[in-house]
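Keep in mind the model is a prediction, meaning the values are calculated, not measured.
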Amino acid sequence: MKQGDHLFLVDGSAYIFRAYHALPPLTRKSDGLPVGAVSGFCNMLWKLVEESRDTSVGVAPTHFAVIFDHSSTTFRNALYDGYKAHRPAPPEDLRPQFALIRDAVRAFDLPCIEKQGFEADDLIATYARLAVEAGGDVTIVSSDKDLMQLVGPKVTLYDQMKDKRLGPDAVFEKFGVYPEKMIDLQALVGDTSDNVPGVPGIGPKTAAQLLEEFGTLEALLERAGEIKQQKRRDSLVSFADQARLSKQLVTLDANTPLDVALDDLFIHEPDGEKLVAFLKAMEFTTLTKRVAAKLGTDVAEVGTAKLSVDRQARGPDLDPQAPASPPAPSGDSALPFTPEALAAGRREAAAAETIDRSAYETIRDAATLKRWMAEAVEAGLMAFDTETASLSAMNGALVGVSFALASGRAAYVPLGHVAPPEAADLLAEPGAAEKAVGAQIPMNEALAILKSVLEDPSVLKIAQNAKYDYLVMLRQGIAVAPLDDTMLISYALDASSSLEGHGMDELSERFLGHKPISFKELCGSGKSMRSIATVPIDKVTEYAAEDADVTLRLWRVLKPRLPADGLAHVYERLERPLVPVLARMEERGIKVDRQILSRLSGRFAQKLGEIEADIQAITGEGFNPGSPKQLGDMLFGKLGLPGGKKTKTGQWSTDVKVLEELAADGHELPRRIVDWRQLTKLKNTYTDALVTHMDEAGRIHTSFSMASTTTGRLSSTEPNLQNIPVRTEEGRAIRSAFIADEGRVLLSADYSQIELRLLAHMARIPQLVEAFQAGTDIHAMTASEMFGVPVQGMPADVRRRAKAINFGIIYGISAFGLAAQLAIPREEAGLYIKRYFERFPGIRDYMDETKAFAKANGYVSTLFGRRAHYPDIRHSNPQVRAFNERAAINAPIQGTAADIIRRAMIRMEPALAKSKLSARMLLQVHDELVFEVEADEVDETKALVASVMEAAAGPDLDLAVPLVVEAKAAGNWEEAH
DNA sequence: CGCTCCTAACC
DNA sequence: AGGTTAGGAGCGA
């Protein structure tokens, strides 16, 4: 090595992980061997080699080495045993690729360097030092910040993926310090992935600023007392030693012993045959051809190399027919797997169209609006969107309406725009504010024109999240019909836990390749968010008309897929008709007794005060019982109690289970914490929060979400009325605050054991079906079958265990879960499950069939055809796979129950009307419906509601088990339930 | 201010 | 252990 020579050092280990995570999983076609990381690695290596052969451009290496980590323990572990302690094991499907990548380096005829007890970074540091001392230049192929300390006038980092060279100035730009100070910066900041502690509360920005001021880490630690910010000062003082340790950990060792001398890294032409044989064996068709052409090798004449990969060391059984998820976007290994992929063609067509916001119109006079509406009637369809002053449909004033009649043909009708408050001073003269906003059609006149079309049965209205716009219009006296909803179409097509969601912006990017203006961009967020009514109208026109335009385009792409995918029934019968039903429920709201809630709040506050005093007496001042972190330190650190579980992030778990166990051992603090937790939950989440959602009439209007679960259940937000307490006495007091209007009562009707009944039907389990037909106690029956105890006089605990097992079955049972639930050893839980499957072999068959179907198709179906997608059921990680298997077992059961209650809700209002009953449906809680009923109609309503619910599966579905509904009426929800 | 983590309320 | 939503702590910007 001499002056003018140039050493390339490739950080192989970092590159493997980067290639693995950046690329879609790729498997060798002939046998499914996972090779994605190898492929990425080879492509990158070839690119570097090619560059080195072409001396006319860029920097060409004269010396070259690929460097790997060898072992997991290094001198750093002797300094600090926590070093890299939380590193997860490499993914299953990456492990076999390590050996292949070393094969690849050899096939390229490049030195492959690693050394026991040293990290790649240390070897890189050593070679870099030697090269610089010999007068050469160094390029380190990596973008790891840990290597930035090596950067200098003769050493640069090269990020190949971004094609960027990083010199001292780039390091400064990125971290605010020059490379010489990188070590000090890293020591302060720490590194979570390597478990280098650093100084808590100091991030890269603060660290750079401190080093700028104090020069070095040592100077900073010595003069830490001068820092103004108290928190920062305290942290630096108390963690000074931790910072010094961190510095040792992040400092690279540039004096490691070397097995291969620097001069031996001299580069030479790769051997065409050897390299092509390897690439051929890997079945990298494209790269093989490219390399062969460049090196003048005939592919046909070369055999395939023998690889050092041993079939036993393989990852999980990846079916070569089935590409792992997510599927590669294109290329030979990508088969259509999700409905997404099937629609790719249509998506491409839609994406090819461009969206021009400047073409949208603002409608400010009635005549123009009438012309547009006449055109809508002619077209027979119209996408529309409403803009309101608040984000909730129930309390926001209407600000404007937009619509689209064809792609690109869209307009916005401002109705309630006002001048922004900050303009008030400038517009002091009368009428100036109106003039600044410009003309708007009077609200009533515009609504009358819109109403004629929105209610016209010959014009289809299309909206995204139609329930919102339906409700806004309902509050203006307009019942929009007929109505299509792009969000619900997407949900019917692709309900999946791994897919993001069905919001318009996401759908637009996914299907149209277009990013619409976001609400945040228009109105801001958080404290600085302003009402859309004060945003300039030309801006709102672009935003609102675009939303209508995009909705229409989405509808054109998505609607035809319903029949194509066999999901028209789900959308037409379970989604679409529910929109107005839920909108009316939300509009009605449920009455709440403010007095009860505030009395409870007071009571909880008082009790909390007492408990807090007790807690402070045990722990001393300054302890926050609401901090799981502080609590963990207190219990298992200061008080030295025996710790149990840890959470994902390595923290001590302090959930109820853990605390209850400690309390049972006679410890006072955990007992008090449990009480404190329960009361703060009830107070913060319910008694205090609910009153903020009440309207003037004392009613709370939740919002039901139709598209946020994977299984077809509804969810409830702002506030969530599906998790009102019921378990404990104090909790039930909250439920008693939910009351009926004057002269009415609340009626609660719920399905008894609906999921277990559906399981009995779906898995065709004779004993279960018979038990449900006979109306016997199903948990007692299970217990009797399992433990041989007669149903008569069965001990409560035996029944409890059977009940837990029954629930477990619905949840896709695991020994781990059952053991946790029953607080028994895992082995015992395993025996229970074995026993259960022996008694009910049909359940195991059902589970196996469901899993196999999900694996083959990527989704499972409810009895009404609703699909829940689980692409990750083929995930390479066995834990992820097992989780998806359990979810896939549960989804048809939970989802069918959800379908049935949806059917009941859709039929409920016409049935009530037909019987001339005035009952109003208010809430749905998964297997329960809550109504507000005239006192003198209670009995008749009870019977009708129960019969509609019990018959809801038919006539499409003939269940082998009866559905049973229990209904009860009372003045409040607690007593009615 | 926005994000993640932990915990807990419901079916 | 399946499906949710919400609140507070903690952290970094």
* Asked: Heavy atoms under 4.0 Å, any strand shown: does Ile893(A) hit a base, just sugar-phosphate, or nothing?
  -> nothing
* Return the set of residues passing side-chain hydrogen bond (donor to acceptor under 3.5 Å, both in side chains) with His701(A) (not counting sequence neighbours), or none when no residue passes. => Asp695(A)
* base_contact_polar (dG2(C) base, Arg886(A) side chain, donor-acceptor, <3.5 Å) -> no
* To do: Identify whether the distance between the nearest side-chain nitrogen and carboxylate oxygen of Glu730(A) and Arg603(A) falls below 4.0 Å.
  => no
* How would you list, by chain and number, every residue that makes a salt bridge (Lys or Arg N to Asp or Glu O under 4.0 Å) with Asp633(A), sequence neighbours excluded? -> none
* Answer yes when Arg799(A) and Asp777(A) have at least one side-chain N-carboxylate O distance shorter than 4.0 Å, and no when they do not. => yes
* Structure fact -> Bounded by its outermost nucleotides with an atom under 4.0 Å from a heavy atom of chain A, the footprint on DNA chain B reads dC1(B) to dC11(B)
* **Partners passing salt bridge (Lys or Arg N to Asp or Glu O under 4.0 Å) against Lys657(A) (at least two apart in sequence or in another chain)** => none
* Could you verify whether a donor N or O on one side chain and an acceptor N or O on the other, from Asn884(A) and His875(A), lie under 3.5 Å apart? => no
* Mind running side-chain contact (heavy atoms from CB on, under 4.5 Å) on Ile700(A) and Leu690(A) for me, showing each step along the way? => CA-CA 8 Å; Ile700(A) 295 182; Leu690(A) 285 174; 4.0 Å; yes
* Going by atom types alone, do Glu718(A) and Ser703(A) pair a side-chain donor with an acceptor below 3.5 Å? -> no
* Does the side chain of Arg844(A) come within less than 4.5 Å of Lys834(A)'s, by heavy atoms? -> no
* Asked: Considering heavy-atom distances to DNA chain C, does Pro719(A) or Arg713(A) have its closest nucleotide positioned more toward the 5' end?
  -> Arg713(A)
* Asked: So, Tyr811(A) and dG2(C): ring centres less than 5.5 Å apart, planes less than 30° off, yes or no?
  -> yes
* Asked: Can a cation-pi geometry be assigned to Lys645(A) and Trp652(A), taking NZ or CZ under 6.0 Å from the six-membered ring centre and within 45° of the ring axis?
  -> no
* Asked: Which part of the nucleic acid, if any, lies within contact of Asn723(A), taking any heavy atom under 4.0 Å across all strands shown: a base, the sugar-phosphate backbone alone, or nothing?
  -> base
* By a strict heavy-atom criterion of less than 4.0 Å, which residues belonging to residues 725-734 of chain A are in contact with DNA chain B? -> Pro725(A), Val726(A), Arg727(A)
* Base-contact (B) and sugar-phosphate-only (S) positions in nucleotides 8-13 of chain C, heavy-atom cut-off under 4.0 Å, - elsewhere -> SSSSSS
